[in-house]
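This one's a predicted model, so the numbers in the text were calculated from it and none came from an experiment. Below, chain A is the first sequence line, B the second, and so on; all start at residue 1.
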Amino acid sequence: MPRLTLTPPGDYDLARDVCSYGYFLLAPNRWHVEARTLTRVLSLPRGPVGVAISQPKGKALSVWLSHTLDTTNRAAAIIQLTRMLRLDDDEATIAEFHRVDPRFAASGRGRLFRSPTLFEDVIKTVTSCNVTWPSTVQMNLRLSDVLGHRIDAEPARIKGAKAPPSSSAFPLAATIARTRPQTLRARCRVGYRDRRIVELARLFRTPPKKGGIDTVFLEDPATPDDAVFDALVELPGIGPYAAANIMQLMGRYARLPLDTESVRHGRTLLGYKGSSAQVMKRLDEHYAPFGRHAFRSYWFELWEFYERKHGPAWGWERDSTGKMFTAALLNKA
DNA sequence: GGTAGACCTGGACGC
DNA sequence: GCGTCCAGGTCTACC
């Protein structure tokens, strides 16, 4: 079976750095606990490919492929894997975060898992709004199963895996753009998000000059945070929370995506009292000193709280532990 | 500028 | 097994 080898930053730990944000539990991603391997299908210019990513000797990453890639697809696969795994967050960046917030220096935490493309991150964020986590899991499973391109070949191999790897990719913007909202609602159970998801897909397919999303402008590090935020909240289905969440997925950590779970965290761990709006204001003030690393400090504080309840994240199964993250259950905990 | 209510789904709960 | 209630962020209408 063909294979790619990727050299990550010297401090990279696949299990820690993949199992660092909830999207590792969302289809088409599949984390195999015992094999400590991430599988999924990537959509490449010349068709989908199944990948199985592991770190056998604690250094280089092995990426087993369902079939051999030509030069174009190979280059595209490396770009997508680099984005998803945050391989471009180098040691110096993570060390800077640890200087700002030394609480995470020992664990080495600093990288946050994301999707291979901005489009997938935006749609995943929309599926996480106004819904409990198990529904988000289901929506992404169905989106991939119903609209994702399937691979014909055997999925990439995984030593010691209990669950089969998925054989569908996340749907392309082009596919969703030509799907009827009613189909999304009926078959993917996305509810009232149906039109918003189709509109977003169409905006991703439309050139910026004709009113489409200007991904170059959004992803340019020189673009100020405020300009990115203003552009994102103009999009259908994207409010202040979703915009801030998409920004952290883009590597902009100064803003906090605050939701009801943040309020629970502020009340139970930080002892804040008052209305939700008051608690959110205090949370913003609390993490402001961490500057451009604010979200990392907030998130890993929250993540370690989850890990104290449920064990290390690399041991979470999507269909059991991975479904437990609802405010109601956490409040009981 | 601030706020109330609708939008859907799925899980919890009571009967 | 059925009905009711509730959680969840965004959007629109209204003040």
Side-chain angles (χ1 to χ4, degrees), chain A residues 21-23 25-27 115 119-147 171 176 179-204 211 213 226 228-250 255-268 274-281 283-284 295 298-299 302 305-306 309-310 316-333:
Chain A
Y21 191 68
Y23 287 7
L25 295 165
L26 297 182
S115 303
F119 174 69
E120 185 176 328
D121 272 340
V122 169
I123 301 301
K124 278 186 157 58
T125 298
V126 171
T127 66
S128 73
C129 288
N130 197 29
V131 74
T132 54
W133 181 251
S135 295
T136 302
V137 171
Q138 282 304 313
M139 282 185 227
N140 281 277
L141 261 177
R142 287 172 164 143
L143 281 168
S144 301
D145 281 351
V146 174
L147 298 172
I176 296 182
T179 302
R180 293 187 311 149
Q182 302 93 300
T183 305
L184 276 183
R185 182 180 292 224
R187 299 188 63 195
C188 305
R189 313 297 290 170
V190 299
Y192 66 89
R193 299 164 195 79
D194 55 357
R195 288 186 182 281
R196 297 173 191 177
I197 290 173
V198 171
E199 283 176 36
L200 280 167
R202 288 177 180 161
L203 287 170
F204 266 89
I213 294 174
D226 286 349
V228 173
F229 184 84
D230 291 346
L232 290 173
V233 291
E234 286 295 310
L235 301 175
I238 308 296
Y241 163 80
N245 195 57
I246 293 165
M247 287 178 73
Q248 69 84 5
L249 291 161
M250 294 168 74
R255 276 174 197 266
L256 301 182
L258 297 176
D259 57 4
T260 52
E261 176 56 6
S262 319
V263 173
R264 182 205 57 73
H265 181 71
R267 288 194 173 126
T268 56
S275 67
S276 293
Q278 289 169 327
V279 172
M280 285 185 183
K281 187 167 180 289
L283 285 166
D284 268 329
F295 179 76
Y298 158 75
W299 183 255
L302 196 62
F305 168 77
Y306 295 154
K309 301 287 179 195
H310 303 295
W316 298 350
E317 297 277 6
R318 182 187 70 195
D319 299 329
S320 52
T321 324
K323 283 196 172 179
M324 296 190 69
F325 300 94
T326 65
L329 287 171
L330 288 163
N331 279 331
K332 279 184 191 171

Rounded off to whole Å, could you give me the CG-to-C1' distance for the A:Asn130 and C:dC11 pair? 11 Å
Separation of C:dC6 C1' from A:Trp133 CH2 (nearest whole Å): 20 Å
Residue-phosphate contact under 4.0 Å: A:Arg196 side-chain N/O, C:dT10 OP1/OP2: no
Residue A:Cys129, side-chain atoms from C-beta onward, closest of C:dG8, C:dG9, B:dG10: C:dG9
Rounding to a whole Å, what distance do you find between A:His265:NE2 and C:dG8:P? 16 Å
What is the distance from CD1 of A:Ile197 to P of C:dC11, rounded to the nearest Å? 13 Å
Answer with base, sugar-phosphate or nothing: what part of the nucleic acid does A:Leu258 contact at a heavy-atom distance below 4.0 Å? nothing
Taken to the nearest whole Å, CZ/A:Arg185 to C1'/B:dG10 is 15 Å
A:Gln278 CD - B:dG2 P separation (whole Å): 14 Å
Taking any heavy-atom pair under 4.0 Å as a contact, classify A:Arg195: base, sugar-phosphate, or nothing. nothing
Polar pair under 3.5 Å, donor/acceptor by atom type, side chain A:Tyr192, base C:dG9: yes
A:Phe229 six-ring face occupied by A:Arg255 cation (under 6.0 Å, within 45°): yes
For a quick check under 3.5 Å, do A:Thr125 and A:Tyr23 share a side-chain donor-acceptor pair by atom type? yes
Given atom CG of A:Asn140 and atom P of B:dG10, what is their separation to the nearest angstrom? 13 Å
B:dC8 OP1/OP2 closer than 4.0 Å to side-chain N/O of A:Arg193: no
Begin with the C-alpha distance, continue with both residues' side-chain angles, and end with the deciding distance and a verdict on side chain to side chain contact (heavy atoms under 4.5 Å, CB included) for A:Ser115 and A:Lys124. CA-CA 9 Å; A:Ser115 303; A:Lys124 278 186 157 58; 3.7 Å; yes
Does C:dG9 have OP1 or OP2 under 4.0 Å away from a side-chain N or O of A:Thr260? yes
When rounded to whole Å, the CG to C1' distance for the pair A:Asp194 and B:dA6 reads 15 Å
Whether the A:Thr183 and A:Arg187 side chains hold a donor-acceptor pair (N or O, under 3.5 Å, no angle test) is what I'd like checked. no
Residue that, paired with A:Ser262, satisfies side chain to side chain contact (heavy atoms under 4.5 Å, CB included) out of A:Asp284, A:Leu283, A:Leu302: A:Leu283
